[in-house]
Amino acid sequence: MNVKIFDTPEVQDFLKTVAGFDQKGGSERGKKITHRILSDLYRTIDDFDITAEEYWSAVSLLNALGQASQFGLLSPGLGFDHYMDMRMDAADQEAKRTGGTPRTIEGPLYVAGAPEFESFARMDDDPDLDGETMWLHGQVRDTTGNPVPGAKIEIWHCNSKGGYSFFDKSQSPYNLRRTIIADAEGRYHALSVIPSGYGVPEGAPTDQILKMLGRHGERPAHIHYFVSAPGLQHLTTQINLAGDKYTYDDFAFATREELVVEGKRVEEHVEAKQHGADGPVTEVVFDIELSPTEKDELQNRHKRPRAMESESQESQLAGTATV
Ligand code: DHB
Ligand code: FE
């Protein structure tokens, strides 16, 4: 079959009907966007002579993705998360909001409501026998170099096996997830375990799509951050640990040169010891610079559905869900 029908009036009229152009109700923006996406897909079917078998296998794969709640996992792999970052970077540039630590993707594995501490937090609730002890610290400053006392720093990362608490039910709910309020000098400290790299689950729908593209689903060892303070631009970022096989080959496209940090092994770290470390530590230092802004919407993280940000999920965790 090698028919080309996309440009016929019949198909063009049909697309308008499908997108609800002739209907009064609904959302104008939604209709236009749907019309564009459907047009691009119809054209793709025509141009590549997509067979019925190919089409229905794609439908089935999308069902499997949804069933496994993996759209959020696939999204970074297909570069959408990084593309959104590129657009926000460009908007910052245009508005002359320059400087500060670069943003990079949030990823799909944040959980709201982690325990909060002042200045220092121990992050590991569960034993991790294969894990190296991590002593992680830094200072939050504004772009003129002034420390930011009371900055709110949310940190989350996976364990030495690449699993994130909440999603990996073998871990305690907030293992390796903490909120730290910076001290009077804008400093924060955490005792934790060095995370390993992360890989999308083998054989899962996301993995099948990446394999079809000849790609892997691996991320380098990384640590996620949300950092915020009044009058400063909210920052979503990560650090990538240097020396990982995937530091510069991240399937989620989150690595940025300024965010690659080298861990340093210290046999006897006095401060870490005072905070409970009982052997050598790998010290990771990450200072953060925030840009000034008066805009409320830039001082807060953007809205998106996040685990534990709704009441029903909180009661689910407590085992009291009724629906
Ligand atoms: C994915 C996992 C992560 O830990 C992350 O930071 C980004 C993306 C993922 O599975 O898509
Ligand atoms: Fe991650």
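Both backbone and side-chain heavy atoms feed into the values below; hydrogens, waters and symmetry mates do not. All values reported here derive from a predicted model rather than from experimental measurement. Note that ligands are numbered from 1 as they come in the structure, with each ligand's atoms numbered from 1 the same way.
- Nearest protein heavy-atom contact of atom 6 (O) of ligand 1 is Arg219 NH1, 2.6 Å.
- Comment: Arg122 engages Asp124 in a salt bridge, judged by a side-chain N to carboxylate O separation of less than 4.0 angstrom.
- Counting the atoms of ligand 1 from 1 in the order shown, those under 4.0 Å from a heavy atom of Leu109 are 2 (C), 3 (C), 4 (O).
- Residue Tyr198 approaches ligand 1 through these ligand atoms, each under 4.0 Å from one of its heavy atoms: 1 (C), 2 (C), 9 (C), 10 (O).
- Remark: Lys245 fails to qualify as a cation-pi partner of Tyr248 under the 6.0 Å distance and 45° angle criteria applied to the six-membered ring.
- Counting only heavy atoms of the protein, atom 11 (O) of ligand 1 lies nearest to Leu73 O, 2.7 Å.
- Side-chain atoms of Gln233 and Val227, non-hydrogen and from C-beta on, never get closer than 4.5 Å to each other.
- Against a heavy-atom cut-off of under 4.0 Å, Tyr164 is close to the following atoms of ligand 1: 4 (O).
- Near the Fe ion (ligand 2), less than 2.8 Å away, sit the protein N, O or S atoms Tyr164 OH, His222 NE2, His224 NE2.
- Within the 4.0 Å heavy-atom shell around ligand 1 one does not find Gly77.
- When non-hydrogen atoms are compared, ligand 1 lies under 4.0 Å from the side chain of Phe251 (C-beta onward) but not from its backbone.
- Using a 4.0 Å cut-off between a side-chain N of Lys or Arg and a carboxylate O of Asp or Glu, Glu268 and Lys273 qualify as a salt bridge.
- Between Ala121 and Phe117, the shortest heavy-atom contact is CB-CD1, 3.7 Å.
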Assess the residue pair Lys211 and Asp207 against the criterion (salt bridge (Lys or Arg N to Asp or Glu O under 4.0 Å)); give the C-alpha distance rounded to whole Å, side-chain angles, the decisive distance to 0.1 Å, and a yes or no. CA-CA 6 Å; Lys211 289 233 163 73; Asp207 186 46; 2.8 Å; yes
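- Residues Asp126 and Asn159 are not in side-chain contact: their nearest non-hydrogen atoms beyond the backbone lie 4.5 Å or more apart.
- Tested against Trp156 for a ring-ring contact (aromatic ring centres under 6.0 Å, His included), the candidates Tyr164, Phe226, Phe166, Tyr174 yield a single pass: Phe226.
- Distances between N or O atoms of Pro76 and those of ligand 1 include no value under 3.5 Å.
- A donor-acceptor pair shorter than 3.5 Å can be found between the side chains of Glu154 and Tyr110.
- Minimum heavy-atom separation, Asp250 to Ala252: OD1-N, 2.9 Å.
- The minimum heavy-atom distance linking Lys31 with Gln23 is given by the pair NZ-O, 2.6 Å.
- Heavy-atom distances between Glu106 and ligand 1 stay at or above 4.0 Å for every pair.
- For atom 1 (C) of ligand 1, the nearest non-hydrogen atom from the set Pro108, Ala252, Gly107 belongs to Pro108.
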